[in-house]
Amino acid sequence: MTTNNNISNASAETLQDEELARQMVQDIIARNPRCRKDEGSVQMIKKAFELANDAHRGMRRRSGELYIFHPVSVARITAEEIGLGATSVSAALLHDVVEDTEFTLQDLEKLFSPKVAQIVDGLTKLENIIDQQESLQAENFRKLLMSMIEDARVILIKIADRLHNMRTLNSMPEHKRYRISAETLYIYSPIAYRLGLYAIKSELEDLSLKNEQPKVYEEIYNRLQTYKRDYESVIQSVESPIRAALDNAGYHYDIKARTKSIYSIWKKMQNKGVQFEEIYDIIAMRIVFQPKEGLQEKTQCWDIYSMITGLFRPNPDRLRDWVSTPKSNGYEALHTTVMSPRGRWVEVQIRSERMDEVAERGLAAHWKYKGNTDSNKKGDTEIDAWLESLRHILDTATQNSMEFFDTFKLNLFSQELMIFTPQGEMRSMPIGSTALDFAFEIHSNVGFHCIGAKINYKLEPLSYVLKSGDQVEIITSENQRPHYEWINFCTTAKARANIKEAFKNERRQIIETGEKMVSDELAKYKLTINARILRKMLTHYHFDNREDLYYAIGNKSIAINDLEKNLRQKSGNRLIRIWNLSFGSSHSHSDYDEDDVVALPKNKNIVLSDDEKQQQYVIAPCCHPIPGDDVVAYVDETGSITLHSRSCIQALRLMSSHGDRIVAAQWQSHKVMSFLVEIEMNGIDRQGLVSEITGIISQQLHVKMRSVSFETHDGIFVGNIFLYIYDAHDLQVLLDKIRNVKGVYNVLRKEHSANK
């Protein structure tokens, strides 16, 4: 009887949950006018819910909640936070049906419409992949983008899906949290930014940091709460006079405080090498006004700016005019920073209601306002141009999905440079673009035949790095032919894709030649290519993958006549064989669709030794993690395991594209040998300062130094010290000691550029 009662109670609970999900859908319809514009739209959404509910009945997420709550939550984000309509909401409700149940795309097309089926198809992952060297994640992402080109609602719903997954990530095992967070940070957050979804972009970044580095997140969160309480009076001292001025001018408006995201604060601390207290734009005021009839929004923005700067002294270096020249994702606003009566700088952002909606809802709001005003035409053009550039990448991409993945990533960088043609036409280019990039931006034929450029009427090489405001004339010659070496100094996805496409067949032939040369050389010693030999060659010749290695051998950039000698050497560095590592298991079931398909280390505790038969583990040269750092391990196609700092940009790339090859790792013991670390410091110079600092390092803490460099200028010193540290804890003790020295303003571990 007890068993029957338990079953009955479980069934009642399930029915109660289903009714709650049904009510959530009713609320979505009620709150969003675009979902109830006609009876047909309302019925489509209800029908989509009932089908999804039936299809997912009995399924639960890892957290234990009924699975139907996930598609309903995605639908809510799609409607309320992104602003899409009934077709998108219906597709969001159905987005997992084809992938996880017996329903087919043909069923959805018959029951709903070809458009709903097309969107769901774009959101459905590939089941398998023929070439095991390819990345399933990258191939799925390519498919997603191909669908996005046809209908941008695909990527918007995918971002809503990812946002809900990130909000509910706590129930996932550790290694999957790392992988999903890294993929979010590396790809989905930049996409959200590129599409103008600022609020979602910031939340995705914060959630990624919270899951990847919870201690860092918690520390900044607590400091931010204290800062907000302390800064409240400063904001009030600026807000009150501004409200009075706007009221007198007859504006209808709203003023709210904008707090810098936790991830943005952490990123600025890392990139600038500053402490929390040194970031002055943590809180900003945002003025959102209702435009008066008969006046351009741009003019009214400047009128409000004039009122504010009449009340407070502005910082001339902090004026940001994105009203005259909107960002490439359509963002429009006027930013200024003024000095408050309390002696603190306060950033003030000025937007119209339309600008604010575009900033919050991005691409969806762009379509709503498209053609209605003159002020957003450039934003529309930029969005359209970006989508067209994606189409070009897809059309010219090679079969290597990882190359495509990296090329797309390049195309996500925000376009901030304003470059002019000789005729005065303005083109937006990413920061860091060269004259060669600009040539390909004009046309691929111009890029292929360019020989130089006139920058502001002065002759410059193709590698010249452009600055905003440059006027560029590309010089071409019919006799010019592209060179593969150009790829070393071009930065845009369009230029790199064109160059790779031009040399695709030639490169493949050279790679095949190089592979044959290696095979023939090994045959002399009765050896064949295998994972161990390939791993040694990649390490010795300093290549990341075998294709680049074979290409360099095939075009005779490197010689392999000493191959036997190299293979006889012990591989790796003795510094990597001295600690225990605990590797997390990777065989848990996930309700996120990505499956673990690569054989990862079976031992949960591995002691590294000099025994050649033991698995080799290497420290990534891009980030140089030391014992105690948060690390992840990457298993490459040869079976080699590389340890990366969890915040390393290369680790984020690998987790985003080959997440199934990632293993969570933790240090267990690390007091056998030391590691080279660079620390950087600055402050006010005084006599005896260097002696005191080096005394703390060598005499108090008994840490060995490799080199010491101090420079002074006008009473300010900058110092760099290379020293040998056992682990991250010892390093932190050392940094704290030096930070307390009189005159030292800042001291930190100098991170490799790959982390920035």
> Are I304 and L334 side-chain neighbours, meaning at least one heavy-atom pair lies under 4.5 Å?
Replying inline: no
> Would you call R318 and T336 a side-chain contact if the rule is heavy atoms closer than 4.5 Å?
Replying inline: no
> Under 30°, 30 to 60°, or over 60°: which ring-plane class applies to Y227 and Y231, parallel, tilted or perpendicular?
Replying inline: parallel
> Checking side-chain contact (heavy atoms from CB on, under 4.5 Å) for the pair E332/W322: CA distance, chi angles, key distance, verdict?
Replying inline: CA-CA 5 Å; E332 295 174 78; W322 287 304; 5.6 Å; no
> Just wondering, do V25 and I45 contact through their side chains at under 4.5 Å, heavy atoms?
Replying inline: yes
>> Is it the case that the side chain of D356 and the backbone of S352 share a donor-acceptor pair, with hydrogens and angles ignored and the cut-off at 3.5 Å?
In response: no
> Given the rule in the side chain to side chain donor-acceptor pair (under 3.5 Å) test, do R76 and N32 qualify, once you have shown the distances and angles that lead to the verdict?
Replying inline: CA-CA 10 Å; R76 188 197 63 75; N32 299 278; over 6 Å; no
> Quick check: does any side chain N or O of S202 sit under 3.5 Å from a backbone N or O of A199, one acting as donor and the other as acceptor?
Replying inline: no
>> For F289 versus E297, what's the shortest heavy-atom pair and its separation?
In response: CZ-O, 4.1 Å
> In terms of ring plane angle, is the pair Y305 and W302 parallel, tilted or perpendicular, where the classes change at 30° and 60°?
Replying inline: perpendicular
>> Between the side chains of R31 and E81, is the shortest nitrogen-to-carboxylate-oxygen separation below 4.0 Å, so that they form an ion pair?
In response: no
>> Strictly distance-based, threshold 3.5 Å: is any side-chain N or O of D437 a donor or acceptor partner for the main-chain N or O of T434?
In response: yes
> Which residue, E65, M24, R167, forms the side chain to side chain contact (heavy atoms under 4.5 Å, CB included) with S73?
Replying inline: M24
> Applying the side chain to side chain contact (heavy atoms under 4.5 Å, CB included) test to I265, which of Q270, R223, K260 qualifies?
Replying inline: K260
> Between R258 and E347, does a side-chain contact (heavy atoms from CB on, under 4.5 Å) hold up when you go through it step by step?
Replying inline: CA-CA 10 Å; R258 185 278 301 165; E347 182 178 281; 3.3 Å; yes
